[in-house]
Asks: 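Pasting in a structure now, in C-alpha cells, and then I'll have a few things to ask.
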Amino acid sequence: MRASFGRRYMISASHRLHVDTLSVEENRTTYGKCNNPNGHGHNYVVEVLVGGGVDPETGMVIDLVALDQAVRTKVIDRFDHTNLNLDPLFHNRVPTTENLCRAAFGLLKDALPAGELEHVRVEETENNFFECYAE
Amino acid sequence: MIFLTRRATFSASHYYWNPAWSEERNRQLFGRCANRNGHGHNYTLEVTVAGEVDPVTGFVVDLKWLKGVIEREVLEAWDHRNLNLDVPEFLASEGAATIPTTENLAIAAWKRLEPAVTAAGGARLSRIRVYETPEIFAEFRGQI
C-alpha cells in the first residue's frame with residue numbers, strides 16, 4: 001500500500017530579487033519591492049511530501065525523526081537565518097521562491113533515508129506558495 | 001476535471017505499539033508515541049473528490065451530501081474515540097495490529113469513504129489527507 005507522509009518546516013531568511021543581466025530600471029519594474037537594494041526577509045514554510053510503501057511492521061512510510069534529520073541537515077541548516085543571495089546555489093540564479101523550491105527539491109531528492117520525494121512546497125507568505133513535483 | 005475538497009475535524013487518542021516487538025524496540029522507534037496510556041490529537045481530515053461540473057447544478061458533488069458521508073462513515077466511528085481500542089481497523093485483537101499511524105489513518109479513511117463516493121456516481125475519490133498536527137500529515141491516493 002503506497003501512501004505519502006508530509007511535514008512542514010520553517011526557514012527565516014533574507015533575499016533580494018535582482019539579476020545582473022537586466023538594467024536597474026528593468027529590475028525595478030520586474031521585481032518591484034523585492035528589488036529593494038538592501039534586501040528583505042520572510043518566514044518561509046517548507047512542506048516536504050515523501051511517498052512510499054507503508055511498512056507493515058511500523059505503519060510508517062518514513063520515520064519522522066529520520067526525515068527531520070535529513071531536512072535539517074540538507075535544507076534548514078543551509079538556509080535558515082542566512083542571506084539566500086550569498087548561497088552558492090544562488091550565485092547565478094535569482095533567489096525567487098520558485099528557485100528556492102527547486103533548490104530544496106534538488107538537495108533532498110537523493111538524501112532521504114526512505115521513500116521518494118514527491119513534492120516540495122515553499123510558502124513565502126500566507127498568500128504565496130510554490131510547488132515542485134518529481135517529474 | 002475539477003477537484004473539490006471538504007475538511008472535517010475529529011479528536012481522538014492513540015498510541016503506537018507493535019505487539020511483535022520488545023518494549024525496548026517499541027520505545028526506541030516510536031518514542032513518546034509508544035506511551036501505553038496514549039495521547040491525543042485534533043486531527044483534520046481532507047477529502048478530495050474529482051469529477052466534472054454538473055451543467056445544471058454547477059456542482060462536482062453536493063457538499064452537504066459529502067459532509068454527511070464523512071460524518072457517517074468516518075467521524076461517527078473515530079471522533080472522540082481511542083483509535084487503538086474503539087476503532088475496528090486498529091484493534092490489537094484483530095491479529096497483526098494495524099498501528100494507527102497517520103499513514104494508516106489516511107488509508108483507513110479512504111477505505112471507509114471510497115464505496116459511498118463511488119456508489120453515488122458522478123465523482124471519484126481522489127485524495128485523502130489526514131493532518132495529525134498542522135505540521136504533520138499523510139496522504140493516500142488509492143494506490144495499492
Side-chain angles (χ1 to χ4, degrees), chain A residues 1-12 43-72 75-76 80 104-105 108 112-127 129 131-135, chain B residues 14-22 25-34 41 43-46 48 83-84 87 89-92 94-111 114 126-144:
Chain A
M1 202 72 89
R2 187 185 169 91
S4 309
F5 182 79
R7 180 97 154 124
R8 289 160 69 83
Y9 304 88
M10 204 168 87
I11 289 171
S12 301
N43 292 322
Y44 294 94
V45 173
V46 179
E47 183 180 289
V48 175
L49 189 71
V50 180
V54 178
D55 185 313
E57 278 198 304
T58 65
M60 294 173 170
V61 167
I62 186 170
D63 179 10
L64 177 150
V65 177
L67 175 62
D68 282 357
Q69 168 76 14
V71 176
R72 188 174 308 114
V75 177
I76 313 284
D80 189 33
F105 195 99
L108 281 173
L112 294 178
E116 297 134 30
L117 186 60
E118 287 188 342
H119 104 230
V120 170
R121 167 174 161 138
V122 181
E123 298 174 9
E124 185 181 70
T125 69
E126 283 175 11
N127 301 319
F129 63 86
E131 293 185 312
C132 191
Y133 291 87
E135 289 180 9
Chain B
H14 71 170
Y15 66 95
Y16 292 177
W17 193 268
N18 184 333
W21 292 353
S22 68
R25 191 168 171 206
N26 272 293
R27 294 205 182 285
Q28 193 179 14
L29 184 72
F30 295 132
R32 288 185 304 172
C33 298
H41 299 285
Y43 291 93
T44 298
L45 169 67
E46 275 183 14
T48 302
L83 297 173
N84 299 74
V87 176
E89 47 268 63
F90 304 116
L91 285 180
E94 300 289 310
T98 300
I99 304 165
T101 57
T102 320
E103 291 91 326
N104 281 333
L105 284 172
I107 294 168
W110 176 284
K111 287 181 175 168
E114 193 274 333
S126 170
R127 190 184 82 177
I128 296 288
R129 259 194 190 189
V130 177
Y131 283 85
E132 184 180 88
T133 70
E135 284 78 37
I136 296 175
F137 63 91
E139 186 173 299
F140 185 60
R141 299 185 296 268
Q143 292 167 280
I144 307 299

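The sequence lines fix the lettering, A, B, ..., with proteins before strands; numbering per chain opens at 1. Please read these numbers as outputs of a predicted model, since none were measured by experiment.
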Asks: Counting only non-hydrogen atoms closer than 4.5 Å, does B:R25 touch chain A with its backbone (N, CA, C, O), its side chain (CB onward), both, or neither?
Replies: side chain
Asks: Heavy-atom pairs under 4.5 Å with chain A are the metric here; pick the option from B:N26, B:I128, B:T102, B:I107 that has the most.
Replies: B:I107
Asks: So do A:M1 and B:I144 actually touch side chain to side chain, heavy atoms under 4.5 Å?
Replies: yes
Asks: Minimum heavy-atom separation for A:G59 to B:T101, with atom names?
Replies: O-OG1, 2.5 Å
Asks: Give, as side chain, backbone, both or neither, the part of A:V61 having an atom under 4.5 angstrom from any heavy atom of chain B.
Replies: both
Asks: Evaluate the side-chain proximity of B:F137 to A:L49: yes if any heavy-atom separation is below 4.5 Å, no if none is.
Replies: yes
Asks: Give a yes or no on this: more than 12 heavy atoms of other residues, nucleotides or ligands lie within 6.0 Å of atom CD of A:E126.
Replies: no
Asks: How long is the straight-line distance from OG1 of A:T58 back to CG of B:L29, given to the nearest 0.5 Å?
Replies: 6.5 Å
Asks: So how far is it from A:S4 OG to B:R127 CZ, rounded to the nearest 0.5 Å?
Replies: 9.5 Å
Asks: Let me know if A:L67 has heavy atoms under 4.5 Å from chain B in its side chain, its backbone, both or neither.
Replies: neither
Asks: For B:I99 and A:E57, work out which heavy atoms get closest and say how close.
Replies: CD1-O, 3.4 Å
Asks: So, for A:R8 and B:P134, which heavy atoms are closest and what is the spacing to 0.1 Å?
Replies: CD-O, 3.2 Å
Asks: Highest number of heavy-atom pairs under 4.5 Å with chain A: which of B:R129, B:E139, B:E132?
Replies: B:E139
Asks: Side chain, backbone, both or neither: which part of B:W21 has an atom under 4.5 Å from a heavy atom of chain A?
Replies: side chain
